[in-house]
Amino acid sequence: MPLPDGFLQELKLRNDMTEVASSYVSLKRRGRNMVGLCPFHGEKTPSFNIYTENGSFYCFGCGVGGDVITFIMKIENLDYIDAVKFLAQRAGLDMPEESFDDSMSALRKRIFEANREAARFFHSQLNSKAGAVGLDYFHRRALSQRTIRHFGLGYADASRDSLVKHLKSLGFKNSEIVSANLAYQNKNGSISDRFYDRVMFPIIDLRGNVIAFGGRILTDAKPKYLNTSDTPVFKKSANLFSLNNAKNSGERTLILCEGYMDVIALNQAGFTNAVATLGTALTQEQALLMKRYADEVIICYDSDDAGQKATARAIGFLRNAGLLIKVITIPEGKDPDEFLRNKGENAHNAFKNVIESSGNDIEYRLGKLKGRYNLEIPEGKVGYLNEVVGILATLDNEIEQDVYVSKISKEIGVSPDAVKHQLKKAGRKRNRERSRDEFRAMRTKLSGREDKINSDRYKKPRAAIAEEGILAYLLKNQDKLSDVLSMIDESEFQTDFNRKLFVYFSNRIKNGEDALSSVSGDFTPDETAKIYQIANSEFSRMANEKTLAENVNVLKEEYYNQKTSDMDSASIEDIQEQLRRLKENRQ
């Protein structure tokens, strides 16, 4: 059973879209609407719009859209029912009793519970005789018992079924254990532990739930680290290790590390604002997540080739998210964990000095670049400056560009004007390329070629546009359904998705329900975004009886043309049958 329409309308009324979004996004008023930088993709020009009239949002940059429920689903990584529960709790509303399908919500709850019990089991194992090898490993890495306890570190023994047996004894089903990715199913139908003979690192979300695990093997076997795969409660690319600790550090700066041990060692040294990715390279989603809790990120990766490549990749994502960046170079080529261990009781001050002596991302990249050229010869200077211009051209702030031009000109002994001239040429080229890419993207979007939701749009663009105009009118004037139905029939819609929407909205309105109130529960997130794009389009702003009539005429014309085309390719028998049906309809 779906959630009652009255409950959903009350939920949205008490959870104002602007107020909820303001907790995550800095918004400014633009006419009737609110705009801001999208929290779902990196951008420098605001394209995230909140439409105050109907309590919805849409981003013209990444195409994400919906209502306040969709927003919470996306930004908190929740399913539909859990997002509704989140908002109900926020507004002090009681959920309706047993009137909705909460099977996914129930599964998520069981996975959280299984993960919590698994974390307790691994931690108890670490402090048992069987876990002595794991505890010894952590002690050799100079971790105190307090730190081990704070992070809930554990050990999975060499047996292949210890955890499975434990969870089954607590009443968990095989399907629940496998769904949590704590076990995998064998060919004979039995299940075995996913993690064994490893020290264990629980991954905890911002609400204190154990959502996943990382496990490090204590031998030379591969893989060295094994991480939970994506589950209904965990997505690797959208979470960070120890962000639950970092958000309470009281600072708007995060230290981004490569691994769990680096983060834990930094915490033990007093830097509780350290985080790490989860077995993958940094993603744009993670960069945007950091933006919610920080203004600046200090990259603290290993100094080996892999670490330097990861640093270069991270800089792009972090800059795109609008974050200030510093890059730490650990002395003597050590990783953060090793550096801190070697400093002993002086670890905090030693690392603080490293941070204070670090430069921003531009200085880091220029320093790396300088090491590749012999600046004592003309060819080396030219090669270096050409690459410098390429880096500085990516800066949008002209003052920032000028500072680096002056500094580099003095260092290399060249005229600042010469560098600025090359910089302007590079800037013009970059702007041309950006404009070309934007034009291509807009042309592709308008053509409907890549419209994955309404795949018929590319083949029938004129009909699809007219259909969207009719849908926009109906959503804005739900009391005019009878007028719309007297002018157009669902069978005359040319694209399957728009026909589906027309039927869905018509049925809801006939039943006395709001056309949009259940959209986020009845459609996929991508379909929901498409619906709200239509609801907030130019068609909606222009929706009146005149434009409705124009769109209806266009759609009927397209319908007639399609039927004529079908008749041209039909057999005599098909044509006779069609004529017979038309005659019956007239009688």
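- Ring-centre distance between F71 and Y24: below the 6.0 Å cut-off.
- Ion pair E53/R32 flagged as a salt bridge, since at least one NZ, NE, NH1 or NH2 atom sits closer than 4.0 Å to an Asp/Glu carboxylate oxygen.
- Between the side chains of D5 and Q9, a donor-acceptor pair is found at a separation under 3.5 Å.
- Separation of atoms CD (E527) and OG (S520) is listed at 12.5 Å; rounding is to 0.5 Å.
- Taking a 6.0 Å sphere around NZ of K476, one finds it holds more than 12 heavy atoms contributed by other residues, nucleotides or ligands.
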Practice problem: Go through the steps to decide whether K168 and N174 satisfy the test side chain to side chain donor-acceptor pair (under 3.5 Å), and finish with yes or no. | Solution: CA-CA 8 Å; K168 281 187 172 183; N174 282 10; 3.2 Å; yes
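- Results of the side chain to side chain contact (heavy atoms under 4.5 Å, CB included) test with E285 over T283, L288, L282 single out T283 as the only residue that passes.
- With hydrogens and angles left out, the side-chain atoms of D295 and T253 include no donor and acceptor closer than 3.5 Å.
- In this structure, F48 has its ring center closer than 6.0 angstrom to the ring center of F57.
- A salt bridge does not link R116 to E113: none of the charged nitrogens lies less than 4.0 Å from a carboxylate oxygen.
- Taking the side chain to side chain donor-acceptor pair (under 3.5 Å) definition, one finds that N209 meets it with D205, sequence neighbours left out.
- In this structure, E468 pairs ionically with R457, as a charged nitrogen and a carboxylate oxygen lie closer than 4.0 Å.
- Remark: R110 qualifies as a cation-pi partner of F172 under the 6.0 Å distance and 45° angle criteria applied to the six-membered ring.
- For F122 and F201, the distance between ring centers is not under 6.0 angstrom.
- Considering all non-hydrogen atoms of both residues, M487 and K556 come closest at O-CE, 2.9 Å.
- Remark: the T231 side chain and the N181 side chain contain no N/O donor-acceptor pair separated by less than 3.5 Å.
- The aromatic rings of F523 and Y504 sit perpendicular to each other, their planes meeting at more than 60°, with 30° as the lower class boundary.
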Practice problem: Any chance you could lay out the side chain to side chain donor-acceptor pair (under 3.5 Å) test for H150 and N245, step after step, and finish with the verdict? | Solution: CA-CA 10 Å; H150 176 71; N245 293 310; 3.3 Å; yes
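- Taking a cutoff of 4.0 Å between a charged side-chain nitrogen and a carboxylate oxygen, K460 and D456 do not qualify as a salt bridge.
- For E76, the CD atom counts as densely surrounded, since its 6.0 Å shell holds more than 12 non-hydrogen atoms of other residues, nucleotides or ligands.
- Nearest heavy-atom pair, M104 versus P232, reported as atom, atom and distance to 0.1 Å: SD-CB, 4.0 Å.
- Taking the six-membered ring for Trp and the full ring otherwise, F493 and F502 have centroids separated by under 6.0 Å.
- Under 4.0 Å is where a charged nitrogen must lie from a carboxylate oxygen, and between K236 and D230 no such pair does.
- Side-chain contact, T272 with N248: no donor N or O sits under 3.5 Å from an acceptor N or O.
- The structure places SG of C59 at 4.5 Å from NE2 of H41, a figure rounded to the nearest 0.5 Å.
- Taking both residues in full, the closest heavy atoms of I69 and A83 are given as O-CB, 3.9 Å, listed atom of the first, atom of the second, then distance.
- Between the side chains of D526 and T524, not a single donor N or O lies within less than 3.5 Å of an accepting N or O.
- R292 approaches I75 most closely through the heavy-atom pair NH1-O, 3.2 Å.
- Across all non-hydrogen atoms, the minimal contact from G215 to F195 is N-CE2, 4.2 Å.
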Quiz item: Would R508 and S517 satisfy side chain to side chain donor-acceptor pair (under 3.5 Å), going step by step from the backbone distance to the final call?
Solution: CA-CA 10 Å; R508 286 191 61 82; S517 63; 2.8 Å; yes
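- A 6.0 Å sphere centred on NZ of K44 holds more than 12 heavy atoms belonging to other residues, nucleotides or ligands.
- Residues I50 and L27 share a closest heavy-atom pair of CD1-CD1, 3.6 Å.
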Quiz prompt | S105 vs D79, side chain to side chain donor-acceptor pair (under 3.5 Å): CA-CA, chis, key distance, verdict | solution = CA-CA 7 Å; S105 178; D79 72 347; 5.0 Å; no
Quiz item: Which is it for E490 and K500 under the salt bridge (charged side-chain N to carboxylate O under 4.0 Å, His left out) test, yes or no, and what are the steps along the way?
Solution: CA-CA 9 Å; E490 67 183 74; K500 174 182 173 182; over 6 Å; no
Quiz item: Would R499 and E467 count as a salt bridge (charged side-chain N to carboxylate O under 4.0 Å, His left out) if you check the C-alpha gap in whole Å, the side-chain angles of each, and the deciding distance to 0.1 Å?
Solution: CA-CA 8 Å; R499 183 186 303 111; E467 289 167 353; over 6 Å; no
